[in-house]
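Scroll down for the structure; my scribbles are underneath it.
Numbers here simply count residues along the sequence, with the first being 1. One-based numbering, in listed order, for ligands and for the atoms of each. Every value quoted in this text rests on a predicted model; they were computed, and no experiment measured them.
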Amino acid sequence: MADKPHLLVVEEITDRMREQLEGSFTLHYASLEDDFDALIADKGDLIEAIVTNGADGTPETLVANLPNLKMISNTGVGYDSTNVALASSRGIVVTHTPDVLNEEVATTALMLLLSVARRLLPSHRWVTSGKWETAGNIEYSRTVDGMKVGIVGLGRIGNAIARKLEAFSCDIAYHTRNERPDSPYRYYGNLVEMARDVTCIIVITPGGPSTHHLITKDVLDALGSDGILVNVARGSVVDEDALVAALQEGRLGHAGLDVFDKEPQVPAVLFDMDQVVLTPHIGSATHETRQAMGDLTTENAVRYFAGEPVLTAVPECADLKKSL
Ligand code: NAP
Ligand code: 8YV
């Protein structure tokens, strides 16, 4: 019987994924802190597949220097942390996990919006600090019902966010590079104009060079001192220094942030701000959704080496062969 193909797991996978992969692959493990030169010298010729995740990605040296690497299966829809241009130029197919996480990430966006608008954390602290007893009722918050919301990125997840916002009768607008004539929502080609017209902006684009610092100081100033910024996309999409300054100076009202520029580091100045809610990149991080993402990740890897086309190659790999 032929040897099972060798697959390198970058960072962590679940026990369920490990069990699914063990049937078809010989597994090796690496973390981002490892000496990749040593790994390449030691078993570089063996490795034919990599399983990684959207947050950690694939170290570029592995994409460039594993001579027999054929496919990279990414847990996560975003793949800005893997150099896909380099991979596809070497004939390496990259897959990701679209759609199975749409509703979860959309719920995370709504959770952040509701938390900041209704001042959930200050209200919790009002009770636990005893202030309710000593100082009486807390000040009023803001309703999300009927709020004007602008979504930056109206793709799979952006549309799921919009559908959930409809339950709150929100007035929904969006900004993308290409207008979607089939969309029921109001299109703005100019992001600053949209920011001026809405109370809340929810960011849900891919990361990478094309969206780097799309949310500028001008966008934040247009959103204004009553405005809310929710970012569930990538930290790189928002100019984080400009965001911190706008919050400190009261030029921006509130922020709900799931993603940051240099994760897991978060600007400490945000920690004590009452007008901010911070979460550690948990957009899709429920047992149910991570299981669906893990299943799709392993299925793509198994199918490729069984000679069946992968299910969800990233668009940049559209022209590559989808199986062995
Ligand atoms: P998608 O279906 O590909 O949608 C992406 C949207 O962004 C499209 O509407 C696209 O429209 C727009 N867009 C792309 N570049 C843009 C630019 N430069 N300016 C304005 N709009 C731009 O992707 P998805 O499945 O919804 O996922 C979106 C992203 O969410 C992922 O790539 C990932 O970074 C992030 N995400 C985060 C979490 C989390 O845990 N927080 C979880 C899942 C996903 P145009 O091409 O017309 O511009
Ligand atoms: C994951 C994500 O947290 O899908 C994405 O793009 O950001 C998240 O769902 C990430 O990929 C780690 O698995």
Side-chain angles (χ1 to χ4, degrees), residues 9-14 17 32 51-58 72-82 84 94-112 150-163 173-183 185 187-192 194-195 201-216 219 230-238 256-261 263-264 278-286 288-298 312-316:
V9 175
V10 175
E11 292 295 334
E12 291 167 23
I13 54 171
T14 61
M17 288 174 75
L32 292 185
V51 161
T52 186
N53 65 75
D56 297 308
T58 317
I72 299 173
S73 187
N74 178 59
T75 308
V77 65
Y79 49 88
D80 49 302
S81 51
T82 289
V84 172
V94 180
T95 62
H96 65 150
T97 61
D99 289 318
V100 294
L101 41 52
N102 292 349
E103 298 305 323
E104 206 68 72
V105 182
T107 300
T108 303
L110 269 282
M111 175 177 77
L112 289 171
I151 303 174
V152 180
L154 195 72
R156 290 168 292 242
I157 303 171
N159 271 295
I161 292 171
R163 285 193 298 275
Y174 73 100
H175 167 76
T176 49
R177 291 167 300 184
N178 308 293
E179 185 172 1
R180 297 173 61 120
D182 54 332
S183 172
Y185 311 119
Y187 178 68
Y188 282 85
N190 185 312
L191 182 49
V192 173
M194 183 171 85
I201 278 194
I202 300 178
V203 189
I204 185 65
T205 62
S210 82
T211 54
H212 186 256
H213 289 192
L214 189 60
I215 307 299
T216 56
V219 173
V230 171
N231 186 10
V232 284
R234 286 288 183 265
S236 60
V237 186
V238 174
L257 307 172
D258 185 49
V259 286
F260 304 89
D261 214 12
E263 295 175 9
L278 310 170
T279 51
H281 201 144
I282 53 155
S284 64
T286 62
E288 296 84 352
T289 297
R290 283 292 166 86
Q291 181 169 313
M293 292 163 69
D295 287 354
L296 183 51
T297 305
T298 57
T312 47
V314 304
E316 291 87 339

Could you list the atoms of ligand 2 found under 4.0 angstrom from a heavy atom of Met293?
9 (O)
Identify, by atom number and element, the atoms of ligand 2 in contact range of Leu101, meaning under 4.0 Å from any of its heavy atoms.
4 (O), 9 (O)
Atoms in ligand 1 flagged as close to [X], the criterion being non-hydrogen separation under 4.0 Å:
| X | answer |
| --- | --- |
| Thr211 | 15 (N), 16 (C), 17 (C), 18 (N) |
| Ile204 | 28 (C), 30 (O), 35 (C) |
| Leu154 | 9 (O) |
| Val105 | 42 (C), 43 (C) |
| Ser284 | 40 (O) |
| Val77 | 25 (O), 27 (O), 31 (C), 43 (C), 44 (C) |

Are [X] and [Y] linked by a side-chain donor-acceptor pair shorter than 3.5 Å?
| X | Y | result |
| --- | --- | --- |
| Asn74 | Thr52 | no |
| Glu104 | Ser284 | no |
| Thr95 | Ser73 | yes |

For [atom], which candidate among [options] provides the closest heavy atom?
| atom | options | answer |
| --- | --- | --- |
| atom 35 (C) of ligand 1 | Gly283, Ala233, Gly78 | Ala233 |
| atom 12 (C) of ligand 1 | Gly153, Ala285, Ala55 | Gly153 |
| atom 19 (N) of ligand 1 | Leu112, Val314, Leu214, Asn159 | Leu214 |
| atom 4 (O) of ligand 1 | Gly208, Gly207, Ser236, Gly155 | Gly155 |
| atom 6 (O) of ligand 2 | Pro206, Pro98, Ala233, Gly78 | Gly78 |
| atom 21 (N) of ligand 1 | Asn102, Leu257, Thr176 | Thr176 |
| atom 2 (C) of ligand 2 | Glu104, His96, His281 | His281 |

Identify the closest protein heavy atom to [atom]: which residue and atom is it, and at what distance?
| atom | answer |
| --- | --- |
| atom 23 (O) of ligand 1 | Arg156 NH2, 3.5 Å |
| atom 13 (O) of ligand 2 | Thr75 O, 3.2 Å |
| atom 33 (C) of ligand 1 | Arg234 NH1, 3.7 Å |
| atom 22 (C) of ligand 1 | Thr205 CG2, 3.9 Å |
| atom 27 (O) of ligand 1 | Ile157 CD1, 3.5 Å |
| atom 36 (N) of ligand 1 | Val232 O, 3.7 Å |
| atom 46 (O) of ligand 1 | Arg177 NH2, 2.9 Å |
| atom 5 (C) of ligand 1 | Pro206 CD, 3.6 Å |
| atom 47 (O) of ligand 1 | Asn178 ND2, 2.8 Å |
| atom 8 (C) of ligand 2 | Ser284 OG, 3.5 Å |

Per-residue contact class, Val105 against ligand 2 - non-hydrogen pairs under 4.0 Å
neither
Are the side chains of [X] and [Y] in touch, meaning some heavy atoms are under 4.5 Å apart?
| X | Y | answer |
| --- | --- | --- |
| Glu179 | Tyr174 | yes |
| Leu191 | Ile215 | yes |
| Val219 | Met194 | no |
| Val152 | Ile201 | yes |
| Pro206 | Asp80 | no |

Closer than 3.5 angstrom, by distance alone: can the side chain of [X] be matched with the main-chain N or O of [Y] as a donor-acceptor pair?
| X | Y | answer |
| --- | --- | --- |
| Asn159 | Leu154 | yes |
| Thr176 | Asn178 | yes |
| Thr97 | Met293 | no |
| Asn102 | Ala160 | no |
| Thr58 | Thr82 | no |
| Glu11 | Asn53 | no |
| Thr279 | Ile282 | no |

Any nitrogen or oxygen of Val77, side chain or backbone, less than 3.5 Å from one on ligand 2?
yes
Under 3.5 Å between some N or O of ligand 2 and some N or O of Gly54?
yes
Counting only nitrogen or oxygen atoms and a 3.5 angstrom limit, does Ser210 reach ligand 1?
yes
For the atom pair OG1 (Thr286) and CD (Gln291), what is the distance rounded to the nearest 0.5 Å?
10.0 Å
Any heavy atom of Ala55 sitting closer than 4.0 Å to ligand 2?
yes
Quick check on Arg290 - does any of its heavy atoms sit under 4.0 Å from an atom of ligand 2?
yes
Are any of the heavy atoms in Pro98 under 4.0 Å away from ligand 1?
no
Using the rule given for side-chain contact (heavy atoms from CB on, under 4.5 Å), can you reason through Ile151 versus Tyr185, listing the C-alpha separation, both sets of side-chain angles and the distance that settles it, and then say yes or no?
CA-CA 10 Å; Ile151 303 174; Tyr185 311 119; over 6 Å; no
Backbone, side chain, both or neither: what part of Asp258 comes under 4.0 angstrom of ligand 1, heavy atoms only?
side chain
When you look for heavy atoms under 4.0 Å from ligand 1, do you find them on the side chain of Arg180, its backbone, both, or neither?
neither
Kindly determine whether Glu103 and Arg163 satisfy salt bridge (Lys or Arg N to Asp or Glu O under 4.0 Å), including the steps that lead there.
CA-CA 10 Å; Glu103 298 305 323; Arg163 285 193 298 275; 3.4 Å; yes
Show the nearest heavy-atom pair for residues Asp258 and Glu263, with the distance to one decimal.
O-OE2, 4.3 Å
